[in-house]
Amino acid sequence: MITFSRQQHIVSQIAVILIILANIYWLKSPVLGTIAGSIYIWLNSKKLADVFYPKIHQGLKKVTGLLVILAYIAVNYTIAYHLYEVNSWIFLWVFLSIPLIIEILSFKTNTEHSFLHNIKPFKFRNIKNLILPTAVIIIDIVLIIALFKKASMGIVRSPWELVGFRFWALFVLSNLFLVATIITKRTVKNIWLIAFRFALLSTMGIILYPLGFGYDSFIHQASLKTIADTGTIQPRLFLYIGQYGLSLFGSHLSQ
């Protein structure tokens, strides 16, 4: 477990903020933006949850903190969209106000924050326990890469025509490794492998054939681009802007 002093917390927030701002205005690296943005979201989700939900399960705590932050982003962008416009100033306000509010709340409630609770010294005898889950992850990454490479915008009778028997052979092998992992090592961490498997299953058709959703995806992409370029779009409908706000914030954050 790792803990920091109040000054160290503030310094870490400032460091992450400066890295992200430097990337937005000068470096413009999607890789750096994604990494730094993920640290920014994770750090503040954890701290916010420590303030409001100190006694609940660690995994659920991180999710609740994240949901509060996402709601805050969506509400701010919705208000800006209806009363003003969505631009870089709105992003900066949301981006800077999140850590500022969280640090003030943390200071006022005198909340202590600790990270990496489950960190343990690495033992070589535990390597055998990592073989099966590592195999599952590696094969799933290969499957995802294959899906994107086989994706098509043409006319097809079925998206499953786009992948061959090798893909399904690997898929079956990954399933076998996943089942073996769950049976041999019963741990709560297996839920992440299972969740990732369901995510893979639910997005295979979408990745292979992006046109499967019809024109909706293109309309929403065009709407997002218009808002990003002009700050608004007419008519100002209340229905979508919350999710649009999350997309636009994430785009700025990750570049």
Side-chain angles (χ1 to χ4, degrees), residues 1-20 33-79 91-123 126 129-130 132-134 136-137 178 181-200 202 242-243 245-247 249-250 252-254:
M1 185 169 67
I2 300 175
T3 57
F4 299 110
S5 66
R6 183 69 56 191
Q7 291 79 11
Q8 289 173 323
H9 281 299
I10 295 173
V11 169
S12 64
Q13 288 276 24
I14 292 174
V16 173
I17 288 171
L18 290 177
I19 290 171
I20 292 173
T34 300
I35 294 173
S38 298
I39 294 173
Y40 168 87
I41 294 294
W42 172 77
L43 179 69
N44 288 294
S45 297
K46 173 68 171 61
K47 286 187 165 187
L48 189 63
D50 285 338
V51 173
F52 288 117
Y53 316 104
K55 296 182 180 180
I56 64 176
H57 186 274
Q58 287 297 325
L60 183 60
K61 179 186 287 189
K62 295 170 186 175
V63 173
T64 53
L66 174 62
L67 290 176
V68 172
I69 288 178
L70 293 180
Y72 176 80
I73 295 170
V75 168
N76 274 271
Y77 271 78
T78 300
I79 293 172
F91 167 77
L92 284 175
W93 156 251
V94 176
F95 173 68
L96 296 176
S97 64
I98 288 173
L100 179 62
I101 292 171
I102 289 173
E103 291 303 330
I104 291 174
L105 288 172
S106 177
F107 176 75
K108 290 290 186 181
T109 57
N110 196 28
T111 303
E112 293 185 359
H113 307 282
S114 56
F115 304 91
L116 303 176
H117 297 77
N118 298 324
I119 189 170
K120 297 177 181 178
F122 180 76
K123 298 178 181 178
N126 292 333
N129 296 328
L130 299 176
L132 285 174
T134 301
V136 172
I137 294 171
L178 177 59
T181 300
I182 297 170
I183 293 174
T184 57
K185 186 68 174 177
R186 296 186 179 183
T187 170
V188 71
K189 294 179 181 178
N190 286 338
I191 194 65
W192 295 108
L193 293 176
I194 297 171
F196 188 77
R197 176 49 46 83
F198 275 104
L200 176 61
S202 62
Q243 187 168 338
L246 295 176
S247 298
F249 181 84
H252 269 99
L253 191 67
S254 64

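Here the structure is a predicted model, which means the values were calculated and not measured. We use all heavy atoms of the structure for the numbers below, so side chains are in, but hydrogens, waters and symmetry mates are not.
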Are the side chains of [Y] and [X] in contact, using a 4.5 Å heavy-atom criterion?
{"X": "Ile137", "Y": "Phe196", "result": "no"}
{"X": "Asp50", "Y": "Ser106", "result": "no"}
{"X": "Phe249", "Y": "Leu70", "result": "no"}
{"X": "Ile182", "Y": "Leu193", "result": "no"}
{"X": "His252", "Y": "Leu92", "result": "no"}
{"X": "Arg197", "Y": "Val136", "result": "yes"}

Drop me the distance from [X]'s [atom1] to [Y]'s [atom2], to the nearest 0.5 angstrom.
{"X": "Phe198", "Y": "Ile191", "atom1": "CZ", "atom2": "CD1", "answer": "8.5 Å"}
{"X": "Ile20", "Y": "Leu253", "atom1": "CD1", "atom2": "CG", "answer": "5.0 Å"}
{"X": "Ser202", "Y": "Leu200", "atom1": "OG", "atom2": "CG", "answer": "8.0 Å"}
{"X": "Asn190", "Y": "Thr181", "atom1": "CG", "atom2": "OG1", "answer": "6.5 Å"}
{"X": "Tyr72", "Y": "Leu48", "atom1": "OH", "atom2": "CG", "answer": "11.0 Å"}
{"X": "Ile39", "Y": "Asn44", "atom1": "CD1", "atom2": "CG", "answer": "11.5 Å"}

Q: Take Tyr77 and Val94 through the test side chain to side chain contact (heavy atoms under 4.5 Å, CB included) and record every step on the way to the result.
A: CA-CA 9 Å; Tyr77 271 78; Val94 176; 4.0 Å; yes

Q) Taking all atoms of both residues into account, what is the closest heavy-atom pair of Gly245 and Ile73, and its distance? A)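 Gly245 and Ile73 have their closest heavy atoms at O-CG2, 4.2 Å.
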
Q) For Ala74 and Leu246, which heavy atoms make the closest approach, and how far apart are they? A)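 Shortest heavy-atom separation between Ala74 and Leu246 comes out as N-CD2, 4.2 Å.
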
Q.
With side chain to side chain contact (heavy atoms under 4.5 Å, CB included) as the criterion, how do Phe107 and Ile10 come out once you've worked through the C-alpha distance, each side chain's angles and the decisive distance to 0.1 Å?
A. CA-CA 11 Å; Phe107 176 75; Ile10 295 173; over 6 Å; no

Q: Mind checking side chain to side chain donor-acceptor pair (under 3.5 Å) for Thr111 and listing every partner two or more places apart, or none if nothing turns up?
A: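 Checked Thr111 against side chain to side chain donor-acceptor pair (under 3.5 Å); matches are Thr109.
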
Q | Residue pairs fulfilling salt bridge (Lys or Arg N to Asp or Glu O under 4.0 Å) with at least one residue in residues 95-111, sequence neighbours excluded | A |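 As it turns out, the salt bridge (Lys or Arg N to Asp or Glu O under 4.0 Å) pairs with a partner in residues 95-111, which skip direct neighbours, are Lys47-Glu103.
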
Q. Please, which pairs that meet salt bridge (Lys or Arg N to Asp or Glu O under 4.0 Å) have at least one residue in residues 64-77, sequence neighbours excluded?
A.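 Residue pairs passing salt bridge (Lys or Arg N to Asp or Glu O under 4.0 Å), neighbours aside: none found.
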
(Q) Test of understanding: with ring-ring contact (aromatic ring centres under 6.0 Å, His included), list the residues that count as partners of Tyr40, not counting sequence neighbours. (A)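 Listed in chain order: Phe95.
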
Q) Excluding sequence neighbours, so at least two apart, what forms ring-ring contact (aromatic ring centres under 6.0 Å, His included) with His9? A)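 ring-ring contact (aromatic ring centres under 6.0 Å, His included) list for His9, sorted by chain: Phe4, His113.
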
Q: Quickly, which of Ile101, Ile102, Leu96 forms a side-chain contact (heavy atoms from CB on, under 4.5 Å) with Ile98? Name it, please.
A: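 Option passing the side-chain contact (heavy atoms from CB on, under 4.5 Å) with Ile98: Ile102.
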
Q: Report the residues that fulfil salt bridge (charged side-chain N to carboxylate O under 4.0 Å, His left out) with Arg6, sequence neighbours left out, ordered by chain and then residue number.
A: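 With sequence neighbours excluded, Arg6 shows a salt bridge (charged side-chain N to carboxylate O under 4.0 Å, His left out) to no residue whatsoever.
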
Q: Kindly say whether Ser5 contributes a backbone atom to a donor-acceptor pair with the side chain of Gln8 at under 3.5 angstrom?
A: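 It does hold such a pair.
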
